[in-house]
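So the structure is just underneath, and the comments pick up after that.
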Amino acid sequence: MASNDPELPEPSADPQPGDLIEIFRPAYQHWALYLGDGYIINLTPVDESQAAAMSSVKSVFSRKAVVRMQLLKEVVGNDSYRINNKYDDNHTPLPVREIIQRAEVLIDQEVSYDLLGSNCEHFVTLLRYGEGVSEQLQASRAMGAISLVTAAASAFSVLGLINTRSRNRPF
């Protein structure tokens, strides 16, 4: 079912081959690439049945995934989705025929999976643009930078406090 959330852009009626599909799970977003005729390609956990993989959060913690071709309506289930080619402004999509050929070669292959560096969004954007892109990685890098700055500031504060105390000692 397409999303009716007013915060989300209006989904187009029918996805076109090569479109990125964002599926809204209760705790995260899952990404797929539309192949045509109702089928998508997406990453699923290695050690689960196809049916269980569709709704599993376990895939987020796995180090391996399997590339599967599945019906969009079966993968979406009771969740909502939208067509979301959000990177088209900054990245040029490859020709549709090339996107589909690249995707079909990978069906049933096992691939590396990493939530921050090689996730389902990276996978489908790599197929569409020839480059893996994910806002999850950008957010992670931003959080890492903030954490580093915070840790450095804390360290300098502690060092400054130690220096001040040692200067104020009577002996």
Side-chain angles (χ1 to χ4, degrees), residues 1-3 5 7-9 11-12 14-144:
M1 109 176 33
S3 175
D5 186 335
E7 297 291 316
L8 300 175
S12 53
D14 294 309
Q16 299 301 307
D19 279 342
L20 300 178
I21 306 294
E22 183 178 18
I23 303 166
F24 298 92
R25 301 288 194 226
Y28 64 99
Q29 282 78 40
H30 179 65
W31 289 84
L33 180 106
Y34 191 74
L35 296 174
D37 297 325
Y39 285 91
I40 52 104
I41 189 169
N42 71 131
L43 297 180
T44 64
V46 171
D47 58 348
E48 292 186 23
S49 70
Q50 283 184 303
M54 290 178 221
S55 61
S56 174
V57 176
K58 184 177 182 180
S59 62
V60 170
F61 302 106
S62 178
R63 302 297 283 160
K64 294 280 183 186
V66 175
V67 179
R68 300 228 194 262
M69 183 173 100
Q70 299 172 285
L71 284 169
L72 173 62
K73 66 181 180 180
E74 290 179 3
V75 174
V76 170
N78 292 326
D79 295 324
S80 61
Y81 75 93
R82 68 175 170 173
I83 298 164
N84 190 353
N85 298 319
K86 65 183 177 179
Y87 299 112
D88 282 7
D89 291 339
N90 300 321
H91 297 80
T92 304
L94 297 170
V96 172
R97 193 156 103 190
E98 185 177 340
I99 294 170
I100 302 305
Q101 287 173 342
R102 292 163 54 108
E104 289 175 340
V105 167
L106 295 170
I107 294 171
D108 294 328
Q109 298 294 316
E110 189 173 295
V111 296
S112 294
Y113 181 90
D114 172 24
L115 178 62
L116 298 176
S118 184
N119 60 39
C120 57
E121 187 177 6
H122 285 105
F123 174 72
V124 297
T125 56
L126 182 62
L127 293 172
R128 182 172 175 84
Y129 305 111
E131 176 184 356
V133 184
S134 173
E135 287 181 351
Q136 293 171 9
L137 178 60
Q138 294 164 354
S140 169
R141 285 185 178 156
M143 291 303 292

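Counting all heavy atoms, side chain and backbone alike, P17 lies closest to V96 at O-CG1, 3.6 Å. Minimum heavy-atom separation, Y113 to C120: CE1-N, 3.7 Å. L94 approaches G130 most closely through the heavy-atom pair CD1-N, 3.7 Å. Here the closest non-hydrogen pair linking I40 and I21 is CG2-CG1, 4.4 Å. The shortest non-hydrogen separation linking A32 to N42 is CB-CB, 3.8 Å. Contact detail for G18 and L33: the closest heavy-atom pair is O-CD1, 3.5 Å.
Between atom CZ of residue R128 and atom CZ of residue F123 there is a gap of 14.5 Å, rounded to the nearest 0.5 Å. The line from CD1 of I83 to CG of D14 is 7.5 Å long, rounded to the nearest 0.5 Å. Taking OG of S112 as the start and CZ of R63 as the end, the distance is 8.0 Å to the nearest 0.5 Å. Rounding to the nearest 0.5 angstrom, the gap separating the CG atom in N78 from the CZ atom in R25 is 10.0 Å.
For the side chain to side chain donor-acceptor pair (under 3.5 Å) criterion with E22, the lone passing option out of H30, Q29, R82 is R82.
Formation of a donor-acceptor pair under 3.5 Å by the T125 side chain with backbone atoms of E121 is found in this model.
With 3.5 Å as the limit, one finds a donor-acceptor pair spanning the side chains of D19 and N85.
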Without placing hydrogens or testing angles, list every side-chain donor-acceptor pair under 3.5 Å for residues 97-111, not counting sequence neighbours.
from, atom 1, to, atom 2, distance (Å)
R102, NH2, L126, O, 2.8

Pair Q70-T44, side chain to side chain contact (heavy atoms under 4.5 Å, CB included): steps then yes or no: CA-CA 10 Å; Q70 299 172 285; T44 64; 3.7 Å; yes
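Residues passing the ring-ring contact (aromatic ring centres under 6.0 Å, His included) test with Y39, sequence neighbours excluded: none. Remark: K73 engages no residue in a side-chain hydrogen bond (donor to acceptor under 3.5 Å, both in side chains) (not counting sequence neighbours).
For the pair W31/N84, a side-chain contact is recorded, criterion being any heavy-atom separation below 4.5 Å from C-beta on.
Aromatic ring pairs are classed by plane angle as parallel below 30°, tilted from 30° to 60° and perpendicular above 60°; the pair H91 and Y129 is tilted.
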